[in-house]
Structure formats: C-alpha cells, structure tokens
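Since the structure comes first, as structure tokens, the remarks are kept for the end.
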Amino acid sequence: MHTPGMFTPGCTHPDPVAVESLCDGLAVMATRTAKIGPWQSGAFASLASSGALAGFIPTDGGGTAATEPALLELLAAIAEHCLTTALVLSQWASACRIIAAGPADLRAARLPPLARGETPTTVGLSQLSTSRRHLAAPVLTASKSRDGWRLNGLCPWVTGGIACDTIVTGAMTDSGEQLFFVVPTTAAGLDIAPPMHLLALSGSLTSSVRFQSVEPATVIVPAAGGGVRAGGLATTALAAGAARAAIAIVASEAGTRPELAPIAASLRTEADDLSQQLTAAATNTIESADRDRLRAQANSLVVRAAQAALTAAKGAGFVVGHPAERLMRESLFFLVWSCPQSVSSAVMCELAGLDAP
Ligand SMILES: Cc1cc2nc3c(=O)[nH]c(=O)nc-3n(C[C@H](O)[C@H](O)[C@H](O)COP(=O)(O)OP(=O)(O)OC[C@H]3O[C@@H](n4cnc5c(N)ncnc54)[C@H](O)[C@@H]3O)c2cc1C
C-alpha cells in the first residue's frame, strides 16, 4: 500500500519530494485534523500511503526501517505543518518500538498491519515517567493472576485512546518491576474517558483511561535498561518543527518590514543549530543529560519563536484562527509534554532568570 519512496535503505534523510508532498497534504487537512483528529481527517491514512509509517517498523515486520536521523527529520517536518498529526505519529511510533522489542509471535502478528496503517495504536506510559510520580503508590498496577496479568488503576494520559485498536501501557508489579502490556481498547474493564478539552491539540483526542481487572493481550518484559524514558529525541524533533512554523511567520512579516529580518535570521540560525545537534545526537550514542539539555534548548526556542511570531503578527495574530495564535498555544504543549524533571527545572530557571541547575 505504501510507496517505498519516502525512505531508501540506510538513508539518513527522507526523500525530500515525498516529504513535501506529504506535508502539503497534511497542511491542507490541518484545520480538520485539529478538530476531529488525524484518524478521521485522512492525515493518518496519508502517513501510511506515503510510506512514513513503514519507516518506523523493522524490515522483518513489513517496514522499511529508516535510520534514526531520517525519522527525526520527518517528524520535525510533519510537526512544522501539523503538530496534531506529529504528536499522534510520535505516540504511535513509541508503541511500535515497544511492540518491536516484544516476543516473535507478537511482532509477526502486529507489526505488518501497523506498517500499513491498518491498526492504529498509542501509548499510555507517562504514569511510569512523568505523571503522578509524586504519589505514594503507583497509579497503574499489574498483578499476576492464574491465567496471566490483571491491570488496575489509571493511565492519566492516552493520546487517541478512543481512536485506536490497542494501547501499549506500562504498569508496576507487586515486586516493583515495570512491565509493558498491549491492551485491546475493547478489553473488558477498560474505560476510556471522553477526550479532554485542551489548551491546544484537542484533535489528538487525549483521554485518561481507567483499568478495572483488565487482562491485557500480551506482556512485554523490557530489555535491561529499556524502561520508560521521557524527553526523547523525537519530542525535541517535534519542538524543532513547531519552532520552524513560528519562525516562518516572522520571516513572512519581514518581507514587508525589513527590521524583522535579523530577528527571523537569528531564530533560524538557532533552529538550524538545533537540527544539526539532533542529527548528531541520533547518529552517535548520547548521554541522557545531553538529551535533556537538547530538549530544554528546543523548549526555549519553540516558546520564544511562537512569541516572536505573535509579536510580529500584532493584534491580527491574537484573533482566533490566525496561525500565530494557534502556534502560540501549541508551543506551550512542550512545557508539559514528556518533560523529565531536569528539563522542567531548566525551563523554570530560564523563566525566573536564574542560572540552570
Ligand atoms: C496533549 C497531551 C497528550 C499527551 N499524550 C500522552 C500519551 O499519549 N501517552 C503518555 O504516556 N503520556 C501523554 N501525555 C502526558 C505527558 O507526557 C506528561 O506525563 C504529563 O503532561 C504530566 O502532567 P501531569 O499533570 O500528569 O503531572 P503530575 O506530576 O501528575 O502533576 C499533576 C499535579 O500534581 C501536583 N504535583 C506534581 N508534582 C508534585 C510534587 N512533586 N509534589 C506535590 N504535588 C505535585 C501538581 O499540582 C500538578 O498540577 C500527554 C500530555 C498532554 C498534555
């Protein structure tokens, strides 16, 4: 179903013509996607038909196994044109990555339809990394039953819960081990709340999901060191793409107001530098502190670029429907989404004018 043109084996960049064609289409659908979500607007189907989804899936699972730098470049380009679609794709990709690390029968059954875009999936993992971590007890637990596992509790955040066939989640066992599970959204005892009305990105159809004695389809034991990690490079790629969309507004206003040209140029230089660092980080092994530093840098850039776009667009940009007001709201998403403590701390220090810890 997908055209192989998006990724060629071993490439470090996606095919520019395929990316442009995909992103042009996503931009046309963006207003509908922001309202009803990419599953219904056609955006998710175009990710599949362009070969974008297949890039995230290993070749023995029916995908094209694109390189990490190529995938990050694609995610950033998509985020620049439709952040809702990029968020949904990043959560889908996280789920696929965990499934790809699972047992052979799971991989064989699930990966090929995922590569074709036939069985949308998502993740509910933040309870293991960045959500409700200050509470005394884990909010989602797994206990061994006679015939498998039973999940009880809450996934506070699941993008596209109501639109997906499965949720890949993680829960804490009685012995304190973290396990991943693939849970069909039709499972008995699973209650997906209506999607939340959010400051931005409501089209992501993000819900909380309650589990009452839910028996998951499959358990995946994470490999050593393979626990949940927030603030990965994909989250930085999305922030970089969103920043570029805002910088484009400043650059466009600079067409008739030359005094804005150095502002646009300076922000663009920063965005180019960030992209280069991202590619380098994806190519080499990177320490977790450096990964978090990159994310904090991206957070700072996306928020400043959005404010610059709004300032350049003036009152006209403050009117609902102008791209500047949407980008402004969407930039704030990065302050709360998948932010490890060190990233939140760096943002807070910048806001308070303090040196980073
Ligand atoms: C649009 C959107 C989509 C998302 N999609 C997904 C998804 O698909 N999958 C996924 O896994 N995650 C997802 N997330 C979750 C995200 O990655 C973060 O985990 C989440 O934003 C963390 O916020 P929280 O309110 O749950 O954090 P919490 O830490 O639970 O904070 C909640 C409240 O608790 C209090 N609090 C926090 N820390 C402390 C403390 N140390 N001591 C005392 N009180 C404290 C504060 O009052 C705070 O307002 C999504 C988030 C958003 C906004």
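Following chains of ILVMFWY side-chain contacts shorter than 4.5 Å, one cannot reach Met29 starting from Trp92, and the two form parts of different hydrophobic clusters. Linking Ile, Leu, Val, Met, Phe, Trp and Tyr residues whenever their side-chain heavy atoms come within less than 4.5 Å places Val219 and Val123 in a single cluster. Residues Leu199 and Leu87 are members of one and the same hydrophobic cluster, defined by side-chain heavy-atom contacts under 4.5 angstrom among Ile, Leu, Val, Met, Phe, Trp and Tyr. No chain of hydrophobic side-chain contacts below 4.5 Å, direct or via other Ile, Leu, Val, Met, Phe, Trp or Tyr residues, connects Phe180 to Leu154. Transitive grouping of hydrophobic side chains (ILVMFWY, heavy atoms separated by less than 4.5 Å) brings Leu53 and Phe7 into a common cluster.
In plain terms, the two heavy atoms of Pro103 and Ile220 that are nearest each other are CD-CG1, 4.3 Å. For Leu111 against Cys96, the heavy-atom pair with the smallest separation is CD2-O, 4.2 Å. For the pair Leu128 and Ala171, the tightest heavy-atom approach, listed with the atom from each and the gap, is CD1-N, 4.1 Å.
For Gln91, the side-chain hydrogen bond (donor to acceptor under 3.5 Å, both in side chains) test picks out no residue, with sequence neighbours left out.
The only member of Leu238, Leu89, Leu83 that meets side chain to side chain contact (heavy atoms under 4.5 Å, CB included) when paired with Ile78 is Leu89. Considering Val158, Thr122, Val183, Leu140 in turn, Val158 is the only one that fulfils the side chain to side chain contact (heavy atoms under 4.5 Å, CB included) rule with Val209. Checking Thr121, Val182, Leu125 one by one against Ile98, the side chain to side chain contact (heavy atoms under 4.5 Å, CB included) holds for a single residue, Leu125.
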Under 3.5 Å, which donor-acceptor pairs do the side chains of residues 298-311 form with other protein atoms, sequence neighbours left out?
unit_1, atom_1, unit_2, atom_2, d
Asn299, OD1, Arg295, NE, 2.9
Asn299, ND2, Phe334, O, 2.9
Ser300, OG, Arg304, NE, 3.0
Ser300, OG, Arg304, NH2, 3.2
Ser300, OG, Glu350, OE1, 3.1
Ser300, OG, Glu350, OE2, 3.0
Arg304, NE, Ser300, O, 3.4
Arg304, NH1, Glu270, OE1, 3.3
Arg304, NH2, Glu270, OE2, 2.5
Thr311, OG1, Gln307, O, 2.6

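Looking only at distances, no side-chain donor or acceptor of Arg150 sits under 3.5 Å from a matching main-chain atom of Ser143. Side chain of Ser207 to backbone of Ala193: a donor-acceptor contact under 3.5 angstrom is found. Judged by distance alone, with hydrogens and angles left aside, the side-chain atoms of Arg257 form a donor-acceptor pair with the main-chain N or O of Ala312 at under 3.5 Å. With Ser50 contributing its side chain and Leu47 its backbone, the two residues share a donor-acceptor pair below 3.5 Å. For Thr185 (side chain) and Asp165 (main-chain N/O), a donor-acceptor pair under 3.5 Å exists by modelled atom type.
Heavy-atom contacts from other residues, nucleotides or ligands closer than 6.0 Å to CD of Glu259 number more than 12.
Donor-acceptor pairing under 3.5 Å is lacking for the side chains of Asp272 and Gln276. Side-chain polar atoms of Ser275 and Arg244 form a donor-acceptor pair below 3.5 angstrom.
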Assess whether side-chain contact (heavy atoms from CB on, under 4.5 Å) is satisfied between Leu72 and Thr279, documenting all intermediate values. CA-CA 8 Å; Leu72 292 177; Thr279 304; over 6 Å; no
Working note: Leu22 + Ser46, criterion side-chain contact (heavy atoms from CB on, under 4.5 Å); need CA distance, chi angles, decisive distance, verdict. CA-CA 7 Å; Leu22 170 67; Ser46 60; 3.9 Å; yes
Would you please test Leu198 and Ser204 for side-chain contact (heavy atoms from CB on, under 4.5 Å) and show each step? CA-CA 10 Å; Leu198 302 165; Ser204 66; 4.2 Å; yes
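The side-chain heavy atoms of Phe181 and Val168, taken from C-beta on, include no pair separated by under 4.5 Å. Under the 4.5 Å side-chain criterion, counting only non-hydrogen atoms from C-beta, Trp337 is not in contact with Leu201. Using a 4.5 Å heavy-atom threshold, the side chains of Ser345 and Met348 count as separate. The shortest distance between side-chain heavy atoms of Gln297 and Leu274 falls below 4.5 Å. Counting heavy atoms from C-beta on, the side chains of Val319 and Glu325 never come closer than 4.5 Å.
Pairs engaging residues 98-109 under the salt bridge (Lys or Arg N to Asp or Glu O under 4.0 Å) rule: Asp60-Arg107 [sequence neighbours left out].
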